Structures are given as C-alpha cells and as structure tokens.
Amino acid sequence: MDQAESLRSLFSHKTARDNLIDCRNKLYQAIKTGNHADIECLMAELDQAQRSFEAFLKRQ
C-alpha cells in the first residue's frame, strides 16, 4: 500500500465512523426530545451507517 492509498483509507475510515456517530447522535436526540416521527427514519439511517462502517472494516 503506497502513501496515497494509506491516506485514502484513513479518511474513508474517519468518514464512515463519523457518519455512524452522527447518525447515532441524531437518533439519541430524537429519542430524548420525544420526536417519534423521526425515530423510524433515523433507525434506518443508523442501520445503513453501521453496515457501511462494517463493510469498510472488512476491507481493511
């Protein structure tokens, strides 16, 4: 793996991880505020973010 590939991998990991964290935080906020209309949509978004993160980890 050359230096450019290492940097791409690092930034991809950060992006996938950050996306997962952002989705989780949005879901927690919706639960805390009682915004039940958004919870189902946010659960689907969180599931997709988790799958993307796991797929990234498997490639490593």
Side-chain angles (χ1 to χ4, degrees):
M1 186 182 286
D2 67 356
Q3 186 176 11
E5 287 179 36
S6 296
L7 286 173
R8 278 190 291 275
S9 176
L10 177 66
F11 286 114
S12 293
H13 176 74
K14 183 168 175 35
T15 301
R17 183 180 56 115
D18 288 345
N19 188 36
L20 180 61
I21 291 169
D22 288 344
C23 289
R24 182 198 64 193
N25 289 342
K26 285 191 282 186
L27 178 60
Y28 285 165
Q29 189 62 33
I31 292 169
K32 282 174 45 177
T33 60
N35 191 356
H36 300 287
D38 290 341
I39 290 175
E40 188 173 335
C41 181
L42 290 169
M43 286 293 293
E45 187 178 330
L46 181 64
D47 183 53
Q48 181 58 41
Q50 178 71 32
R51 289 174 194 250
S52 296
F53 185 66
E54 289 173 0
F56 172 78
L57 291 178
K58 287 180 182 176
R59 290 190 308 253
Q60 294 301 309

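Quick note: numbers below take in every heavy atom, side chains included, and nothing from hydrogens, waters or symmetry partners. Worth saying up front: this structure is predicted, and the values here are computed from it rather than measured. The first residue in the sequence is number 1, and the count goes up from there.
For D47, the salt bridge (charged side-chain N to carboxylate O under 4.0 Å, His left out) partners two or more places apart in sequence, or in a different chain, are R51. The side chain to side chain donor-acceptor pair (under 3.5 Å) search around N35 returns D38, not counting sequence neighbours. Under the rule for a side chain to side chain contact (heavy atoms under 4.5 Å, CB included), the partners of I21 that lie at least two apart in sequence or sit in another chain are R17, R24, N25. The side chain to side chain donor-acceptor pair (under 3.5 Å) check on Q50 picks up E54, with sequence neighbours excluded.
L20 has its side chain within reach of L46: a pair of non-hydrogen atoms, C-beta onward, lies under 4.5 Å apart.
Across every non-hydrogen atom of L27 and M43, the tightest pair is CD2-SD, 3.3 Å. Here the closest non-hydrogen pair linking A30 and I39 is CB-CG1, 4.1 Å.
Distance CD/Q29 to NZ/K32: 5.0 Å, rounded to 0.5 Å.
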